[in-house]
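One structure below.
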Amino acid sequence: QVQLVESGGGLVQAGGSLRLSCVAAGRIFSRYGMGWFRQAPGKEREFVASIDWSGENTYYASSVKGRFTISRDNAKNSVYLQMNSLKPEDTAVYLCAGSAVAYADYRLTFYDYWGQGTQVTVSS
């Protein structure tokens with residue numbers, strides 16, 4: 001089992017920045033592909049960004065590309081999401097996800113483990 005705990009959410013004005021963190025406890029984090037997803041009220045969970053085990057390969061949803069950056073620190077069992085130029089439409093619960101397969105992927109079904117999420121609210 002892998003436990004994932006997110007932090008760093010909050011309320012920010014449009015144009016502002018937030019940095020989300022996800023710490024993993026359990027199995028060998030450095031071998032896991034990791035992702036960030038988000039879910040707004042009344043909407044389906046959607047892909048935001050993913051990163052492979054090495055950190056060298058990353059993928060982004062078109063809606064966040066150029067504004068968000070995913071990164072990881074395997075020594076700290078952590079993955080991060082730097083969010084810049086935030087928009088009201090970025091408001092959602094952001095969830096960290098982990099996969100025992102080492103590469104990055106955009107599919108929800110790819111991921112085996114999920115955190116509880118952290119709320120991000122962007123005011124206009």
Side-chain angles (χ1 to χ4, degrees):
Q1 278 287 4
V2 174
Q3 292 80 42
L4 302 174
V5 179
E6 304 95 334
S7 63
L11 174 64
V12 63
Q13 288 188 334
S17 298
L18 283 174
R19 187 190 192 215
L20 305 183
S21 299
C22 172
V23 179
R27 294 191 175 179
I28 304 173
F29 173 80
S30 61
R31 297 180 183 177
Y32 278 61
M34 300 297 295
W36 285 98
F37 290 76
R38 66 187 182 187
Q39 188 164 17
K43 295 188 177 181
E44 293 185 352
R45 190 169 296 184
E46 65 174 4
F47 170 73
V48 175
S50 61
I51 189 167
D52 74 351
W53 69 275
S54 70
E56 294 182 356
N57 296 295
T58 58
Y59 299 95
Y60 297 93
S62 57
S63 58
V64 307
K65 197 168 187 178
R67 299 187 297 123
F68 292 9
T69 303
I70 188 170
S71 62
R72 67 189 296 162
D73 184 341
N74 287 341
K76 296 182 178 180
N77 279 11
S78 295
V79 63
Y80 308 100
L81 186 68
Q82 177 67 44
M83 304 186 296
N84 299 329
S85 302
L86 283 161
K87 305 175 181 180
E89 51 263 44
D90 294 319
T91 295
V93 173
Y94 283 70
L95 303 104
C96 175
S99 171
V101 180
Y103 62 84
D105 199 277
Y106 65 92
R107 296 169 293 175
L108 274 75
T109 54
F110 177 78
Y111 294 91
D112 306 296
Y113 307 103
W114 293 85
Q116 294 298 308
T118 184
Q119 176 70 46
V120 171
T121 303
V122 184
S123 63
S124 56

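The residues of the chain are indexed from 1 along the displayed sequence. Hydrogens, waters and symmetry mates are skipped; everything else that's a heavy atom, side chains included, is used.
If you look at F47 and Y59, their ring centroids are not closer than 6.0 Å. Between Y113 and F29, the distance separating the two ring centers is not shorter than 6.0 angstrom.
Y111 places a side-chain N or O within 3.5 Å of a backbone atom of D105 that can act as its donor or acceptor partner. Side-chain N or O atoms of T118 include one that pairs as donor or acceptor with a backbone N or O of G9 at under 3.5 Å. Side chain of Q39 to main chain of A92: no donor-acceptor pair is present (N/O by atom type, distance under 3.5 Å, no hydrogens or angles). Between the side chain of N77 and the backbone N or O of A25 there is no donor-acceptor pair closer than 3.5 Å. Remark: the backbone N or O of V122 is paired with a side-chain donor or acceptor of T91 at under 3.5 angstrom.
Listed by chain and number, the residues in a salt bridge (Lys or Arg N to Asp or Glu O under 4.0 Å) with E89 amount to none (sequence neighbours excluded). A search for side chain to side chain donor-acceptor pair (under 3.5 Å) contacts involving R19 returns nothing, not counting sequence neighbours.
Linking Ile, Leu, Val, Met, Phe, Trp and Tyr residues whenever their side-chain heavy atoms come within less than 4.5 Å places Y60 and Y94 in a single cluster. Cluster membership check: V101 does not share its hydrophobic cluster with I70, using side-chain heavy-atom separations under 4.5 Å among Ile, Leu, Val, Met, Phe, Trp and Tyr. Hydrophobic clustering of Ile, Leu, Val, Met, Phe, Trp and Tyr side chains at less than 4.5 Å, counting indirect connections, unites I51 with L18. Linking ILVMFWY residues whenever their side-chain heavy atoms come closer than 4.5 Å, directly or via other members, places V12 and V48 in the same cluster.
In this structure, F110 and Y103 have tilted ring planes: the angle between them lies in the 30° to 60° band.
Using a 4.5 Å heavy-atom cutoff, the side chains of R38 and L81 are not in contact. Residues S78 and S21 are not in side-chain contact: their nearest non-hydrogen atoms beyond the backbone lie 4.5 Å or more apart. Using a 4.5 Å heavy-atom cutoff, the side chains of W53 and I28 are not in contact. Counting heavy atoms from C-beta on, the side chains of R45 and L95 come closer than 4.5 Å. Residues F68 and L86 meet the side-chain proximity criterion, which asks for heavy atoms closer than 4.5 Å.
A 6.0 Å sphere centred on OH of Y106 holds no more than 12 heavy atoms belonging to other residues, nucleotides or ligands. Counting non-hydrogen atoms of other residues, nucleotides and ligands closer than 6.0 Å to CD of Q116 gives a total of 12 or fewer.
Counting all heavy atoms, side chain and backbone alike, S71 lies closest to V79 at O-CG2, 3.1 Å. Residue C22 comes nearest to M34 through the heavy atom pair SG-CE, 4.5 Å, listed as atom of the first residue, atom of the second, then distance. Contact record, S17 with S85: OG-N, 4.4 Å, taken as the closest heavy-atom pair. Nearest heavy-atom pair across D52 and R72 is O-NH1, 2.8 Å. Nearest heavy-atom pair across Y32 and G98 is CD2-C, 4.2 Å. Contact between K76 and V23 at its shortest, heavy atoms only, is O-CG1, 4.5 Å.
To the nearest 0.5 angstrom, L20 atom CG is 8.5 Å from Q82 atom CD. With values rounded to the nearest 0.5 angstrom, S124 atom OG is found 9.5 Å from Q13 atom CD. Here W36 contributes atom CH2 and C96 contributes atom SG; the two are 5.0 Å apart, rounded to the nearest 0.5 Å.
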Residues V120, M83; criterion side-chain contact (heavy atoms from CB on, under 4.5 Å); working and verdict:
CA-CA 10 Å; V120 171; M83 304 186 296; 3.8 Å; yes
